[in-house]
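Data first, discussion second: the structure below is written as structure tokens.
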There are 2 protein chains.
Amino acid sequence: MSLRFDPDTFGFLVTDLARLIRADMDRRIEAAGIGVTPGEARTLIYAARYGVLRQNVLAERMGLEAMTVSVYLDRLEERGLVKRMPDPADRRAKLIRLTRKADAVLEAILRIAGEVRARARGEMDEESWARLRDLLKQVRGNFTGGA
Amino acid sequence: MSLRFDPDTFGFLVTDLARLIRADMDRRIEAAGIGVTPGEARTLIYAARYGVLRQNVLAERMGLEAMTVSVYLDRLEERGLVKRMPDPADRRAKLIRLTRKADAVLEAILRIAGEVRARARGEMDEESWARLRDLLKQVRGNFTGGA
DNA sequence: ATGATTAATAAGTAATACTTACTATATGGC
DNA sequence: GCCATATAGTAAGTATTACTTATTAATCAT
């Protein structure tokens, strides 16, 4: 009844969708026997996107605290998917690099991400889908103050 | 570099936004001294939206497992914001009702949700904002199979 | 040279949400 | 009416995501 209590506002929609997407990713990753969580998959993709880079820079790119990313990297390193290397320019810092073993995992993750995306899109036409992405980018920019 | 590893796809955008929104909500709720988590706030809004209803129906409306909602309700009941009442039609079931004490909390939550929404929207024009909501609804529908 | 800052991480915590197993009650078939 | 099955709620346990605080080691600025 009361429109004041609307569970279909922007925030609810985004929160719902994030949960649905994560659950779907999770299920598909599980089914594929990849052995990484959605968060770890996210870390891998960022690392693949930006190449060799410092942990703190990776964390900043991901919009997470350094500590949070450090724990993800622990697990990815245990699985032999990333390697921490000393940064010759700063002995405190560590450079993150994907291993060859990560290639196959990344391929599988990309495939799964594509499947989830296809499900999300459904029958939506090209223009709407592109517009949706643009609008979401704009909103994210409003939060992060950046692009 | 590689466009194959794009951290600006739909899934990333939604996941990022959900995290940013939750963090912003959290911060503002904290600052206002309301003493409920975003998830509890969500539960309250659903309860306000649908009126007196059974726990299992509430869970289904929220798209969560009954157990998950049960725990939220435990905490809300502790704070005196909801009341569990026996369902005269089924002695296993419990009806959920908001207390009067919940009114003030709901008001504060709505105000905060409005602030977060305003931040998300930024300078976006009316048409785009409405379109964004429609498109998100459509995508959520693709996941839930419903509206 | 030293005082402040930064990079990484150990430790602890909180929120969100799940599954499994259990109890009590309800319902449908015979 | 009786019993098998299903349902409503919850206790217990777990996993993921992500935070804060404090510590250590190294760097930077004055």
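Everything numeric in this text was worked out from a predicted model, so none of it was measured. In what follows, every chain begins at residue 1, and chains take the letters A, B, ... in the order their sequences are listed.
- When heavy atoms are screened at a 4.0 angstrom cut-off, B:Arg84 is found touching the sugar-phosphate backbone but no base atom.
- Whole-Å rounding puts the B:Glu60 CD to D:dA8 P distance at 10 Å.
- Shown here is A:Arg27, whose CZ atom has more than 12 heavy atoms of other residues, nucleotides or ligands within 6.0 Å.
- Of the charged side-chain nitrogens involved, none lies within less than 4.0 Å of a carboxylate oxygen, so that B:Asp103 and B:Arg100 do not count as a salt-bridged pair.
- With rounding to whole Å, B:Gln55 atom CD is found 16 Å from C:dT25 atom P.
- For B:Leu64, whose side chain is taken as the heavy atoms from C-beta onward, the closest listed nucleotide among C:dA26, C:dA17, C:dA8 is C:dA17.
- Looking at the side chain of B:Ser70, the nearest of the listed nucleotides D:dT10, C:dA7, C:dA17 is D:dT10.
- Atom pair B:Met67:CE and C:dA21:P shows a separation of 15 Å (rounding to whole Å applied).
- The nearest heavy atom of DNA chain D to A:Gly39 and to A:Asp90 marks one nucleotide each, and the one closer to the 5' end goes with A:Gly39.
- Between B:Thr68 and the phosphate of C:dT16, there is no side-chain N or O to OP1/OP2 separation shorter than 4.0 Å.
- With the nearest nucleotide of DNA chain C identified for both A:Val57 and B:Arg92, A:Val57 has the one nearer the 5' end.
- Using a 4.0 Å cut-off, some side-chain N or O of A:Asn56 falls inside it from OP1 or OP2 of C:dA8.
- Mapping B:Ala66 and A:Pro38 onto DNA chain D by nearest heavy atom places B:Ala66 at the nucleotide closer to the 5' end.
- Each of C:dT19, C:dT16, C:dA8 was ranked by its minimum atom distance to the side chain of A:Arg54; first place goes to C:dA8.
- One finds a salt bridge joining A:Asp24 and A:Arg28 here, because a Lys/Arg side-chain nitrogen approaches an Asp/Glu carboxylate oxygen to under 4.0 Å.
- Distance CG (B:Leu58) to P (D:dT10): 12 Å, rounded to an integer number of Å.
- Between A:Tyr72 and D:dA18 there is a side-chain N or O to OP1 or OP2 distance below 4.0 Å.
- Between B:Phe12 and A:Tyr46, the ring planes are perpendicular. Angles over 60° get that label, and only those under 30° would be called parallel.
- Residue B:Arg22 contributes atom CZ, which lies 11 Å from atom P of D:dT17 at whole-angstrom precision.
- Atom CE of B:Met85 is separated from atom P of D:dA8 by 18 Å (rounded to the nearest Å).
- The phosphate of D:dT17 (OP1 or OP2) has a side-chain N or O of A:Thr37 nearer than 4.0 angstrom.
- For B:Asp6 and B:Thr9, the side-chain atoms include no donor-acceptor pair closer than 3.5 Å.
- One hydrophobic cluster holds both B:Phe5 and A:Leu73 under the rule that ILVMFWY side chains link at heavy-atom gaps under 4.5 Å.
- Across the protein-nucleic acid pair, A:Ile29 atom CD1 and D:dT16 atom P stand 11 Å apart, rounded to whole Å.
- Among C:dT9, D:dG9, C:dC18, the nucleotide with an atom closest to any side-chain atom of B:Lys94 is D:dG9.
- Of the side-chain N and O atoms in B:Arg91, none sit less than 4.0 angstrom from OP1 or OP2 of D:dA8.
- Summarising the geometry, the separation between CG on A:Asp16 and P on C:dT16 is reported as 13 Å, rounded to the nearest angstrom.
- Comparing A:Arg19 and A:Asp74 by the nucleotide of DNA chain C whose heavy atom lies nearest to each, the residue mapping closer to the 5' end is A:Asp74.
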